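Computed from a prediction, not measured in an experiment: that's the story for all the values here. Note on naming: letters A, B, ... go to the chains in the order of the sequence lines (proteins, then strands), and numbering restarts at 1 for each one.
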Amino acid sequence: MAEEQVAIELIGIEKSFGRQQVLKGIDLKVLAGKTTVIVGASGEGKSVILKHMLGLLKPDRGQVLVFGRDLARVGRKELNRIRQNFGVLFQNAALFDSMTVFDNIALPLRERTDGGEENIRRNVREKLALMDLEGSEDKYPAQLSGGMRKRVGLARALVLDPKIVFFDEPTTGLDVNKSNEIYRLFYKTQQKLRYTAVIVSHDVPKIFKLADYVAMLEGGVIQECLSPEAFQLSTNPVIRAFVEETMGHIYSSEEEERGFYEKV
Amino acid sequence: MLNFFERLGEEALYFLGQAGRMGTFLAACLWNVIRPPYKIHPVLRQIHFIGARSVFVILFTGAFTGMVLGLQGYYTLRKFGSEGLLGSAVALSLVRELGPVVAALMVIGRAGSAICAEIGIMRNSEQIDALECMAIDPYKFLMAPKFVAGIISVPLLTCIFDMLGIFGGYLVGVHLLGVNEGAYFQSMYHSVEWNDVEMGLVKSLVFGLLIIWIATAKGYYLHLERGGGFGAEGVSRTTTDAVVLSSVAVLVWDYLISALML
């Protein structure tokens, strides 16, 4: 793991809201080009970690290094320069509700690039086609279903070919078909664009199929960051409990219950 | 007793925190108003929303304010046998005082509340976070056009209000109550000086800035409101706060500017 390039590194992040300490020393490395999934129970602070990586929250203590630069120490200009590498799919897509689908996707291009309207149009159409959203460009977010909204959010996140894409609960509130659709699009776009992905999710075990690494947040610290296979076989009691609770005993380690459950 | 001091300290800290936030927010917005690039289209859209769409209510309230001034002024002035000064009384009260204040209160009710709710909902639904993550400065993208539009629209609306008010006073005074038409306009012509117009203009400029400042800042910091500004109730409470605060601010600054310029 060490020789690969690190895109994001969190070192000893602590964060409190009022008197409640949510993060108690988070250490985590996100490798470039890989998919890292952060799992954990609701309210543990998974989205808070994501907001630190995006520079939306500043840690009380610790460092957030993105491409080696500490987000808490850079100025606004530099922060914006770093953020130009980011694409974000928010939990409820966070589409601009007063703009059409087309304008939502075109916004980053219009604000951040000098390309003419013709180029913008072409680029947006391309992304709409990639997300199977042709024909919806003139609709407003309120006229779309939850799954479509997420697809528009994904199109907007990818429109500037970002190096890192963040997903905050990409499938929450969607039915099985719609979540599979999002996962399929995720897989398709990552194959094509080769971005680093950070996903916060509790859609276990499905999310394991996409993950290169799974990090478990519990009690304000990252318990371990392992490959999905190693995660499911981990002897860490917290991870064991999580795996058993979310996936059932079938995934328990073969060492302990040999011969009783089928082999993983 | 200790509890009392604790509460007092908490209140003071909250107040200072809010004042600091509002101050830095205003500085950031004004910096983004003067810093290039300048985009005309968003400003025009905001002028349409804050200015053009307020014209009807300004026409209506302006005319009725002038009509009431004509009516009340006539009965007061008649006691002294100086009905001929009606034009001067109507115009001076409108240009110096009522025009800027009532127009500003109307803009608060129509546009200020809507702006606060709009920004607040954008904050609630992570749209402002989304802008920041896209490296689009929300001050430049969202706030700056509203500030420019407010500073342009409110003085213009005030002018319309003054004109309609004078016309309303004319209708009631001359056509209803029989004041001499020449006297109405002549007294106005003699008594209204540039100083009066200047005072009205300064007031309306300051009010325009105040209204947009309070509405946008309250919406932008919705999540830091006491008791949590989240949810529909949070938005409605914050919008009400913004309307009350900006109405009070307009009246306080009205006094301060009058005291300074007289």
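No more than 12 heavy-atom neighbours from other residues, nucleotides or ligands sit within 6.0 angstrom of CZ on B:Arg45. For A:Tyr187, the OH atom counts as loosely surrounded, since its 6.0 Å shell holds 12 or fewer non-hydrogen atoms of other residues, nucleotides or ligands. More than 12 heavy atoms of other residues, nucleotides or ligands lie within 6.0 Å of CZ in A:Phe17, so this atom counts as buried by the packing criterion. Atom CZ of A:Arg61 has 12 or fewer heavy atoms from other residues, nucleotides or ligands within 6.0 Å. Heavy atoms of other residues, nucleotides or ligands lying less than 6.0 angstrom from CZ of B:Phe167 number 12 at most. Applying the 6.0 Å contact sphere to NZ of A:Lys58 captures no more than 12 heavy atoms from other residues, nucleotides or ligands. The 12-atom threshold is not exceeded at CZ of B:Phe60, counting heavy atoms of other residues, nucleotides or ligands nearer than 6.0 Å.
To the nearest 0.5 angstrom, A:Gln91 atom CD is 6.5 Å from B:Glu126 atom CD. In this structure, CZ in A:Phe90 is found 10.5 Å from CD in B:Gln127, a value given to the nearest 0.5 Å. Note: B:Ile121 CD1 to A:Asp97 CG = 7.5 Å, rounded to the nearest 0.5 Å. A distance of 11.5 Å separates NZ of A:Lys77 from CG of B:Asp137, quoted to the nearest 0.5 Å.
Contact annotation for A:Arg81: neither backbone nor side-chain heavy atoms come within less than 4.5 Å of a heavy atom of chain B. Neither the backbone nor the side chain of B:Ile128 comes within contact range of chain A; no heavy atom of the residue lies under 4.5 Å from a heavy atom of that chain. Heavy atoms closer than 4.5 Å to chain B are found nowhere in A:Ile82, neither backbone nor side chain.
Using a 4.0 Å cut-off between charged side-chain N and carboxylate O, B:Lys39 and A:Glu111 make a salt bridge.
Between B:Cys133 and A:Phe166 there is no side-chain heavy-atom pair separated by less than 4.5 Å. Looking at B:Asp129 and A:Lys51, their side chains come closer than 4.5 Å, going by heavy atoms from C-beta outward.
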